[in-house]
Structure formats: structure tokens, C-alpha cells
Amino acid sequence: MSKLWFLRRLDLFEGLSDSEMERLGTLLRMRSCGTGQEVVVRPSGDRIYVVKSGRVRVLQDEVAVAVLGPGQLFGTSAFFGTAATHQRVVAVDDVVLCEAPAAQFLAAMTVHPRLAAKVALILARQLFELEQTVERSATDPVSSRLAELLLRVARRDGARLEVRGMSQADLARMIGSSRESVSRLIAEWERAGYLRSRPRLIEVEDESALRSFTT
């Protein structure tokens, strides 16, 4: 399938004409990464990335700070000429990415105001999600934060939700808790039949029971 076919299915480029899409397509390079593979090994601070399919985990100084999915952006510090040298990005699933030189992408945004508005909206949503995570870390019990995170990052496989590629230590870092607390809760929920746990895999057996902890 062509690059333009993929790009047209990203909300980021909605409303652009075919000619505009073709011009942007010359800037963007598509590539795939397998589960567990580092997407950015040595970030140079000069590229912007868009997730086309799958999800990536963003780690800052080995602390997992976000899980991003289709249509979301990372590497955005490049917009400000700042290299996120301590940031690692790892594929949670098999992912397809679009990447472009940040300076050229910024230039394209000045020519296409609709694209600039979409980028601003996506970044605002990502910032809002980060602020919510920080607020929950300060006010919500561990059970609520863990249940919300599991439901947010899980992918549906048939009738069941699954969280793949994340260790209990990763989950603990993302909710601002200890690994021991997360491990105890997962074991408790497994005994209650809410989920099943294996190394780097959690299968949600009772979605409504987990949702009850988030209300």
C-alpha cells in the first residue's frame, strides 16, 4: 500500500488536498518497528515522528512517561531546537511510523494552517493527558490509577483486552507507585478473576470490574 494511502488515514492530515498530501509525502519517511524495538536509539533533536499504527512507550531517564498511539506525535522538542537526549521510545506493539526533519515539517505547517492547527490540537490533548496523570498520581488510590492505566493502554484481541510488552515495573513507574504495590494488586485481581497475568502480558477477564475502580 502506498505512503499516501496510509497518510490519508491519519486525522492529522484530514482536509488536505491530494497535491498538498503529495508534497507532505515527500517529507515523510515511513518505517516499521517490531515489538520491543527501540524507535529512537540516539535522538538528535532534529526529527518529528507520527505514529501511524501500533503504540510506543516514551521513557525519560528510564521512567515510562507516556504510551502513544495512532495519530499522536513525539520528538516534538525538536520544534524548539531542543534534543531530548535522555528520552527513549520503545515499540509496545508492531508499529508503523512516519518521520520527517523537524525544520521542514515546521515550514510545511506555516504553508498549511490546517496542519498547524491539527498539530496544536494533538499536542494540547497529549499535554492534558499528562496533566491528568500527574493529578491522579497525587490524589487517586493506587487501585484506581492502575485500573485506569490498564484499560487505557490495553488493546482488544477478540472479546478480550490485553496489555502486552509492559512489565509490572513499567506500570508502577507510569502511575507513580512502587512495583511491590502493583504486584500485590495484580495478584489480588488475578485471584478475584478480574485478569490473568504472565510476564509482560496481562489479559483482562472482567473489564467492568476494573472500570469500577476508576469511578
Side-chain angles (χ1 to χ4, degrees), residues 33-43 49 51 53-70 72-77 84-95 125-215:
C33 297
T35 302
Q37 182 179 349
E38 285 203 23
V39 175
V40 183
V41 179
R42 291 182 179 85
Y49 301 84
V51 182
S53 63
R55 295 168 302 161
V56 299
R57 183 167 68 251
V58 181
L59 301 102
Q60 187 74 26
D61 293 322
E62 299 307 312
V63 176
V65 295
V67 173
L68 304 178
Q72 293 186 290
L73 304 166
F74 62 94
T76 50
S77 60
T85 54
H86 300 291
Q87 188 178 88
R88 292 174 55 232
V89 182
V90 180
V92 176
D93 318 299
D94 292 341
V95 297
R125 285 174 178 167
Q126 291 179 196
L127 178 59
F128 177 69
E129 289 174 1
L130 178 59
E131 289 173 343
Q132 283 190 313
T133 299
V134 173
E135 182 179 347
R136 283 192 296 267
S137 296
T139 60
D140 291 356
V142 174
S143 58
S144 176
R145 282 148 40 203
L146 180 58
E148 189 278 333
L149 176 63
L150 291 176
L151 292 169
R152 176 160 52 88
V153 303
R155 297 193 70 180
R156 192 167 297 280
D157 184 8
R160 177 176 296 166
L161 291 174
E162 294 184 346
V163 178
R164 291 183 174 270
M166 299 183 69
S167 67
Q168 292 184 5
D170 293 330
L171 297 172
R173 293 189 194 103
M174 292 192 71
I175 64 171
S177 182
S178 67
R179 184 189 180 284
E180 292 74 18
S181 296
V182 168
S183 180
R184 282 196 300 271
L185 263 178
I186 288 177
E188 178 183 324
W189 289 347
E190 192 163 16
R191 289 193 297 271
Y194 302 160
L195 51 79
R196 293 173 57 195
S197 175
R198 284 178 277 169
R200 292 187 174 273
L201 172 63
I202 293 176
E203 299 172 320
V204 177
E205 300 282 342
D206 191 338
E207 184 177 344
S208 61
L210 284 188
R211 290 199 183 279
S212 70
F213 289 97
T214 67
T215 58

With heavy-atom distances below 4.5 Å as the criterion, would you say the side chains of [X] and [Y] are in contact?
| X | Y | answer |
| --- | --- | --- |
| Arg164 | Arg155 | no |
| Leu171 | Ile186 | yes |
| Ser143 | Glu188 | no |
| Val56 | Tyr49 | no |
| Leu149 | Val67 | no |
| Glu203 | Arg198 | yes |

Taking all heavy atoms of [X] and all of [Y], pick out the closest pair and write down the distance.
| X | Y | answer |
| --- | --- | --- |
| Ser53 | Pro70 | CA-CG, 4.1 Å |
| Gln168 | Val182 | O-CG1, 4.0 Å |
| Ala91 | Gly34 | CB-O, 3.3 Å |
| Met166 | Val163 | SD-CG1, 4.3 Å |
| Glu205 | Gly193 | CB-O, 3.4 Å |
| Glu190 | Arg196 | OE2-CA, 3.7 Å |

Which value, rounded to the nearest 0.5 Å, describes the distance between [X] atom [atom1] and [Y] atom [atom2]?
| X | Y | atom1 | atom2 | answer |
| --- | --- | --- | --- | --- |
| Arg184 | Ser177 | CZ | OG | 8.5 Å |
| Ser212 | Asp206 | OG | CG | 8.0 Å |
| Leu146 | Thr214 | CG | OG1 | 11.5 Å |

Test side-chain contact (heavy atoms from CB on, under 4.5 Å) on Asp170 and Arg200 and set out the steps.
CA-CA 10 Å; Asp170 293 330; Arg200 292 187 174 273; 3.6 Å; yes

With Asp94 via side chain to side chain contact (heavy atoms under 4.5 Å, CB included) - residues at least two apart:
Thr35

Side chain to side chain contact (heavy atoms under 4.5 Å, CB included) partners of Gln72, counting only residues at least two apart:
Leu68, Gln126, Glu129

Just grab all the ring-ring contact (aromatic ring centres under 6.0 Å, His included) pairs involving residues 196-215, residues at least two apart or on different chains.
Trp189-Phe213

Say whether, by atom type as modelled, one donor and one acceptor occur between the side chain of Glu207 and the main chain of Leu161 under 3.5 angstrom.
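No; zero donor-acceptor contacts below 3.5 Å.
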
